[in-house]
Asks: 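I have a structure I would like to understand better, so I am pasting it below and will then ask my questions one at a time.
Chain letters run A, B, ... following the sequence lines, proteins first, then strands; residues in each count from 1. Note that the structure is a prediction, hence the values are computed from the model and not measured.
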Amino acid sequence: MTGNPDTTLVHDMVRIRAVEEVLADYYRDEQQMRTPTHFSIGQEAPSVGVCAALRPTDLVYTGHRSHAPYLAKGGDLRGMVDELHGRETGCAKGRGGSIHLVDHSVGFAGSAAILGEMIPVAAGAAWAFALTGSGQVAVTFFGDGATEEGVFAETLNFAAVHALPVVFACENNTYSISSPLATRQPAGFGIAARAAAHGVRAREVDGNDVFAVREAAVEAVESARAGGGPVLLELHTYRWREHVGPGWDHDHGYRTAEEIDSWVARCPIRRAADALRPTHPDIDALVTTWTAEHTAEAHDAVRSAKAAPWPDPAELTRGAYGPTA
Amino acid sequence: MTGNPDTTLVHDMVRIRAVEEVLADYYRDEQQMRTPTHFSIGQEAPSVGVCAALRPTDLVYTGHRSHAPYLAKGGDLRGMVDELHGRETGCAKGRGGSIHLVDHSVGFAGSAAILGEMIPVAAGAAWAFALTGSGQVAVTFFGDGATEEGVFAETLNFAAVHALPVVFACENNTYSISSPLATRQPAGFGIAARAAAHGVRAREVDGNDVFAVREAAVEAVESARAGGGPVLLELHTYRWREHVGPGWDHDHGYRTAEEIDSWVARCPIRRAADALRPTHPDIDALVTTWTAEHTAEAHDAVRSAKAAPWPDPAELTRGAYGPTA
Amino acid sequence: MRELTYAQAISEATVQCMADDPAVLVLGEGVDDHKGTFGTTREAFLRYGPGRVVDVPNSENACAGVAIGAASAGLRPLVVHTRADFMFLALDALVNLAAKWRYMYGDQGAVPVVTRGVVGRGWGQGATHSQSPHATFAHYAGLHVAAPASPADAKGMLVQALRGGTPTVLIENRNLYPRTGEVPAEAVAVPFGVGRIARPGTDVTIVAASLMVLEAERAAEQLAACGVEVEVVDVRSLRPLDDRVICESVARTGRLVVADTSWSRYGFAAEVAAVVAENVPEALRAPVRRVTPPDSPAPVSWPLEQAWHPGADALVAACLDLVGHRAAVPALADVAAGFQGPY
Amino acid sequence: MRELTYAQAISEATVQCMADDPAVLVLGEGVDDHKGTFGTTREAFLRYGPGRVVDVPNSENACAGVAIGAASAGLRPLVVHTRADFMFLALDALVNLAAKWRYMYGDQGAVPVVTRGVVGRGWGQGATHSQSPHATFAHYAGLHVAAPASPADAKGMLVQALRGGTPTVLIENRNLYPRTGEVPAEAVAVPFGVGRIARPGTDVTIVAASLMVLEAERAAEQLAACGVEVEVVDVRSLRPLDDRVICESVARTGRLVVADTSWSRYGFAAEVAAVVAENVPEALRAPVRRVTPPDSPAPVSWPLEQAWHPGADALVAACLDLVGHRAAVPALADVAAGFQGPY
Ligand SMILES: Cc1ncc(C[n+]2csc(CCOP(=O)(O)OP(=O)(O)O)c2C)c(N)n1
Ligand SMILES: Cc1ncc(C[n+]2csc(CCOP(=O)(O)OP(=O)(O)O)c2C)c(N)n1
Ligand SMILES: [Mg+2]
Ligand SMILES: [Mg+2]
């Protein structure tokens, strides 16, 4: 850990990377996490950069690729790993799995697996903030694929009409499962441009440059907080592993090994370290230390999760309904 | 009738106006047309101008405000009036009513009352045309309110990706029932601009200038037919009567009498006549003649509809299912 | 007790809940206009203005999501659809997110959004404006679904929904809006899952909700004149469903007719029949009857529309048939007869 | 006859229909990828390429509408959803437009779009990826809804759908994909509305569709060992529903268990119970039993997931209970046991 805001960004990415790599190995080797899992390995910078701009009371809502924003927002690691193992001690008590992480104590309000579903939800939270004058901001993370859902356009329009304090953080990794952007959206018309046409201020950012992401996010979040209305950040990034699951997918035929390698070469952690090295010559040592530290932390979490209690089938329906009035 | 393309536009608007005014009176006075009815009185130019650019084999799909495009595309008047009266002889055999007009013989493929629903349907027809190389174009009419449905954005994207021969004809009359545009869409961001951001070529047109509409439509339709991809026309116009039903609504509180009057002053028929008068000094006489002729035609149609047979309740479920393989 | 119309009862519940709880707000297309959703949102708009009674864009999916998000942040949104048919566009948000939220996040947090959907025939509304999607919503665990028949229940169940912890869908038949009945002045919640005997009888049980309770009562009156005593059960809510009141009644009468404004198959009528087959099959002295629309979309043409919608006459016929009574009875007046166009 | 897996049968039907009819085309998210929708669209893509097997944007509503439009212009689109849960977003287009098209335009024109939705448990799919929306679609008149259990039916019903004149929803349980069975080499249509006796028996009838037919057969085998003879009825299609095969079986056995992967209330289990209560109530010698998931969303955690999904064991218990048999029987292997992650 460190008090320096720049090295903290690197630390947070390293931690997410280390945790996800450990989880991916266990997931693949032991098949004990019975929940479809979408890793963010290679695309840690959007989560870390955006969440660095947030207060604990700001709320984050995400799609299926949820681990990175959960951890970046400060979500409890044990709670997440226990959840992936389906334990009663999981952050969603084993009911939700990888795609339904939640940690109210740090403002991670929830994730959901139906594409686009959380986008209006974040706008709704922002509406509540605006109506009550709470000064909070809502942020939602989603992918390029989710922007094809009609609810994305509906929400942009709604948020613009009501000038809501919401930041739309689009992680554009150019794929929806195995479908490239080119088969899904017309060439030359970006997501940011679409948002702008709906009256939502938008910026395209190099999503593998964590400092650029943070800078854009700070501007967006503070503008939204000050009543400047919604902002969309289109964060260009890339997923290294397969869409769902722990493996690599060079052999699936939808993208080339060269393409993947070219993005691995643009690793957000390496790039951040490169940028800091002149002023922080100890950055490589720090990365090595942090990697070791959080790899160990992740192994501990998995060990602990495996020892944690399963939910009791007698409580199978607990929480299906709320209390009555 | 006339063979002159310019005066034909005036004629077609006059006919629609005369028919709708007669129908509105009967509707109000006799309550014999038991079907919610959305008149286009005052906004005839978009239908007439766009349909003037179409071939009989091109297909038109519309929303609820269906009479004007139905008639403009050449839909059978008796079929429509019988349908409004719920008769077996109606264009939809009395099953569909005002909001479900259809006339396959002239390429009026159908109308539907769920906002936005027909927009992708037109794109789908265009897709069929593109795949089969039929050379047809599909056109869909809808209002400014329908553009707030997510399916509008989804369809723009789909049509752009596949460069479909579809023309989106948006009749922007600034209201959705009693809700003005300002409460529904952010100021300063037009529908045409949103379409453009989705990769759909778009133009804003004075929708009360039938010649401007035709010119834009000819360009759009022929470009789409030639493989130039989808085009959206945002046609600025105005509805004179209440949203649904035959009356005026100055007293409903959502718009002023002055606003209505200012648009009545911009009557598309009057404007077209004004434009043609220098070259067609007989235009006023023609308008008078046509008005009388089509007023009579409408009265006849109503008389005939009232004498037409009702559907047989024994055939209540006819057409619910298709034949099996 | 003073009488209110069903519409006034809903309006009063809305206004009182808004007064009691600043977190309650109303959103929907045109909720602020001069008609105010058949008069149910007008008073709230006049009192609380556009900040709490909010006209929204034609974006049913996003608006449902926005309501869920607002609820997740502590508000109590009441979403209003002037036709329940538009709710298909909000179905994903309601059944795939709102209904599951509390459970899938491990019983932490809640999104008790309330959605009102107007249904009901009248004036050739046709295939896409005549549906009652109550069974669709009631199939998915996690929602409460109610369809009150009386003004008192319309008020009390809305109050219950706006105070409870479960996302709720309220289905309102527009033909009920002008009906009057005694309504408590205070905002007293009517619990879900407790049906009522709307009329006691001994020969046949008619189970219904919403408008069909009135149709059943009209049928019962007519049948009483023929010496057939019908018990009318108003279930009030579809989920939870009061199995007990249904089964106890059928155990008494031995005959069941289920009335519904939506299709038989996989609908309310199916569920009620199943409850009886599951619990008191031995009580059945005759086959169960479902009085519902035929298996087609709704037509527009007047004579077809009249034939399509099930009403008191069809209930009378079904009951007479069940008791083996062959009398010819005069037709009843159409319950929607007073309704005029255009909408 | 040669054997195919259920997935191969679907693939073969698709390829043969595309060969027979150039108007048939396939669209869906990722239908063109290396997995090819569990292997069901791969062969078609390899043969007919991206012009007829079309990857689409994540726009379920528009894609349904596009398919309807293409059908209105003469094509025969087959829309594929890798999870039926995504179909909620297409529900408006399917139930409010496709289902009603032919009727509301006066029996002129048709939009016989076919939609395949994959359902089924496995690997902690959780609340929003474990649903079977068949009852929702089957409630609305105008659609055909089928849920074939065998490879032969999977092929034949897809052929039927792609040749028929009615929009159709086909629900496929992913746990059926690897199951093998005899499948005719030709593209022979299997009609909707004709159920079959999957196994004859005398003591209890289990009515099921899709995967639950297999569970019922497994239960029947176990029960036969205890001397209880179960008749398994595979309805094959939910709309039209073959009331007769259900009622004739129950008339023989006097006992009914309905099995379903979706909730009891307002679902398939309700409809089947209602059909019996409507037609042959006197045949029932015991209460009807519904073997379905409990009233909560689906959980992720392994032990909860196992408890939530109804299977052969629950059917065995229900049947034994109905016949008053108190024997303890050993638990059966989990039908989804072979399934591994991640998806
Ligand atoms: C409504 C809906 N349609 C389809 C899916 C299946 N699906 C799950 S993730 C995914 C890809 C989404 O791509 P994107 O939004 O870019 O996110 P990424 O996975 O790239 O982070 C798809 C199609 C879904 N979950 N929900
Ligand atoms: C999905 C849906 N939501 C709401 C409605 C109710 N509705 C019918 S017409 C209309 C106004 C539509 O406005 P616009 O699209 O601008 O067309 P206009 O009536 O102005 O021609 C509304 C809200 C509907 N029919 N469908
Ligand atoms: Mg992506
Ligand atoms: Mg408008």
Asks: Where on B:Thr183 is there a heavy atom nearer than 4.5 Å to chain A: the side chain, the backbone, both, or neither?
Replies: backbone
Asks: For the residue pair A:Pro186 and B:Gly199, what are the closest heavy atoms and their distance?
Replies: CG-CA, 4.2 Å
Asks: Do B:Val161 and A:Arg184 have side-chain heavy atoms sitting under 4.5 Å apart?
Replies: no
Asks: Nearest 0.5 Å, what's the CZ-CG distance between B:Phe152 and A:Asn157?
Replies: 11.0 Å
Asks: Tell me, out of B:His162, B:Glu149, B:Arg194, B:Gln185, who's got the most heavy-atom pairs with chain A below 4.5 Å.
Replies: B:Arg194
Asks: Side chain, backbone, both or neither: which part of A:Ala196 has a heavy atom under 4.5 Å from chain B?
Replies: backbone
Asks: Less than 4.5 Å apart, side chain to side chain, heavy atoms only: is that true for B:Glu148 and A:Glu154?
Replies: no
